[in-house]
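What follows is one structure encoded as structure tokens, with my remarks underneath.
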Amino acid sequence: MLHAVTTTQATERRMTPTFPDVTLATERLVLRRYEEADQPALTAMMDDELTAAWTSVPAPYSAVDAREWIARFAPAERDEGRGIVFAVTDHLTQRLVGSVHLMKTNWRVRSAEVGYVVAPWARGEGYAVESVLAVAEWLFGDQGFERMELRTAAGNTASQQVALKIGCLSEGVLRSAGMVRTRTEDGRWAEVRTDVIVWGLIPEDLEDLDDLGSVGESVV
């Protein structure tokens, strides 16, 4: 009996659905898998004050962290059916401008949560809106999903602007449900609790969106 259960579990793991290994493109951006050559740009993008404040990435963020993300973590997200990670690059220069991560995928409900980061030098150009919207359209249109969720810390107004501009609706506040970082007087990072706003996007929400030209006015 034990052997039968183990065999069944192994079969289920092999049958876990996964996202295809795809590349997405918008007018300005290419969203693709991370490559080894992205390591220096990824390190620079993630070793940033705002990124450290609003995410759970290591702070400071090192080249070792970037190599681990590229070589192990990002591929495992797709291979093991949890989600998919996109490196967001400029179409003309191929420069890394951000990252989009679909995670916590529920294949039965056809839903996933999205997270994103924009490089410090690329903020204010609408890259977050453009890239997350591209992922949402692919998730709903090509993959047949019915919901994309986004969670923002209560004080992260820039991320909330992204949610609004891609058509998300605020669905409520999870009180004291998250952690953010703040600098102490001696310059170290300290974690503090925060409320978390839950945003939801379903296919119907995209129908009233403006085209990407107007969306590009995002301050993120």
Mind checking whether Leu50 and Val57 sit in one hydrophobic cluster, side chains of I, L, V, M, F, W, Y counted as touching below 4.5 Å?
-> no
With hydrophobic residues grouped by side-chain heavy-atom distances under 4.5 Å, do Phe73 and Leu42 end up in a single group?
-> yes
Separation between OG1 (Thr43) and CZ (Arg67), nearest 0.5 Å, reads 7.5 Å
Within the distance-only criterion (no hydrogens, no angle test), does the side chain of Asp195 pair as donor or acceptor with the backbone N or O of Ser176 below 3.5 angstrom?
-> yes
Pairs flagged by side-chain hydrogen bond (donor to acceptor under 3.5 Å, both in side chains) wherever residues 73-84 is involved - sequence neighbours left out = Glu77-Arg82, Glu77-His101, Glu80-Arg82
Atom of Leu201, atom of Cys168 and distance for their closest heavy-atom approach = CD1-N, 3.7 Å
Salt bridge check: are Glu49 and Arg183 linked by an N-O gap of less than 4.0 Å?
-> yes
For Arg181 and Thr55, indicate whether the former's side chain and the latter's backbone hold a donor-acceptor pair under 3.5 Å.
-> yes
Return the minimal non-hydrogen interatomic distance between Pro58 and Asp65, and the atom names on each side.
-> CB-OD2, 3.6 Å
Keeping the roles fixed (side chain from Arg110, backbone from Gln143), state whether a donor-acceptor pair exists under 3.5 Å.
-> yes
Heavy atoms, side chains only, cut-off 4.5 Å: are Arg95 and Trp121 in contact?
-> yes
Sub-3.5 Å donor-acceptor pair from the side chain of Glu35 to the main-chain atoms of Ala87, do we have one?
-> no
Determine, using the 4.5 Å side-chain heavy-atom cutoff (strictly less than), whether Phe19 and Met103 are members of one ILVMFWY cluster.
-> no
Look at the side chain of Glu130 and the backbone N and O of Arg28, then say whether any donor-acceptor pair between them is shorter than 3.5 Å.
-> yes
Residues Leu102, Leu139; criterion side chain to side chain contact (heavy atoms under 4.5 Å, CB included); working and verdict = CA-CA 9 Å; Leu102 283 178; Leu139 186 68; 3.9 Å; yes
Contact check, side chains of Gln39 and Ile70, non-hydrogen atoms, under 4.5 Å | yes
Non-hydrogen side-chain atoms of Arg151 and Leu174 separated by less than 4.5 Å = yes
Under a 4.5 Å cut-off applied to non-hydrogen side-chain atoms, are Glu146 and Ser111 in contact?
-> no
If every non-hydrogen atom of Ser131 is compared with every non-hydrogen atom of Val100, which pair is closest and at what distance?
-> OG-CG2, 3.6 Å
Donor-acceptor under 3.5 Å (Ser159 side chain, Asn156 main chain) = no
Supply the atom-to-atom distance Ile197 CD1 to Ser170 OG, rounded to the nearest 0.5 angstrom.
-> 5.5 Å
Within the side chain of Gln160, is there an N or O that forms a donor-acceptor pair under 3.5 Å with the backbone of Ala154?
-> yes
Do Val117 and Trp54 come within less than 4.5 Å of each other through their side chains, counting heavy atoms only?
-> no
Flag the pair Leu24 / Val135 as yes when at least one side-chain heavy-atom distance between them is below 4.5 Å, and no otherwise.
-> yes
Which residues pass the salt bridge (charged side-chain N to carboxylate O under 4.0 Å, His left out) test with Arg108, sequence neighbours left out?
-> none
Between Arg32 and Asp38, is there a side-chain N and carboxylate O pair less than 4.0 Å apart?
-> yes
Could you state whether Val30 and Val132 fall into the same hydrophobic cluster, counting links through intermediate Ile, Leu, Val, Met, Phe, Trp or Tyr residues with side-chain heavy atoms under 4.5 angstrom apart?
-> no
Quick one: pull up CG in Leu96 and OH in Tyr34 and give me the separation to the nearest 0.5 Å.
-> 5.0 Å
Salt bridge Glu125-Arg123, side-chain N to carboxylate O under 4.0 Å | no
Taking everything shown except Arg175 itself, do over 12 heavy atoms lie less than 6.0 Å from its CZ?
-> no
Please round to the nearest 0.5 Å and tell me the distance separating atom CE of Met148 and atom OG1 of Thr105.
-> 11.5 Å
Side chain to side chain, Tyr61 and Thr51, heavy atoms closer than 4.5 Å | no
When rounded to the nearest 0.5 angstrom, what is the spacing between CE in Met46 and OG in Ser99?
-> 6.5 Å
Do the side chains of Leu133 and Leu206 get nearer than 4.5 Å, heavy atoms only?
-> yes
So, Arg147 and Glu204, do they make that salt bridge, N to O below 4.0 Å?
-> no
When the aromatic ring centroids of Tyr116 and Tyr127 are compared, is their separation below 6.0 Å?
-> no
Quick check: does any side chain N or O of Trp107 sit under 3.5 Å from a backbone N or O of Gly81, one acting as donor and the other as acceptor?
-> yes
Rounded to the nearest 0.5 Å, the CG atom of Asp186 sits from the OG1 atom of Thr184 at a distance of 3.5 Å
Please name the residue in the list Val118, Thr89, Leu29 that meets the side-chain contact (heavy atoms from CB on, under 4.5 Å) test with Val97.
-> Leu29
Quick check: does any side chain N or O of Asp205 sit under 3.5 Å from a backbone N or O of Ile202, one acting as donor and the other as acceptor?
-> yes
Please step through side chain to side chain contact (heavy atoms under 4.5 Å, CB included) for the pair Val192 and Val180, ending with a clear verdict.
-> CA-CA 6 Å; Val192 295; Val180 296; 3.5 Å; yes
Set of ring-ring contact (aromatic ring centres under 6.0 Å, His included) partners for Phe86, sequence neighbours left out = Trp138
Tell me whether Val85 is reachable from Val114 by hopping between hydrophobic residues (I, L, V, M, F, W, Y) whose side-chain heavy atoms are closer than 4.5 Å.
-> no
Decide whether Thr152 and Trp199 meet the rule of one side-chain donor and one side-chain acceptor closer than 3.5 Å.
-> yes
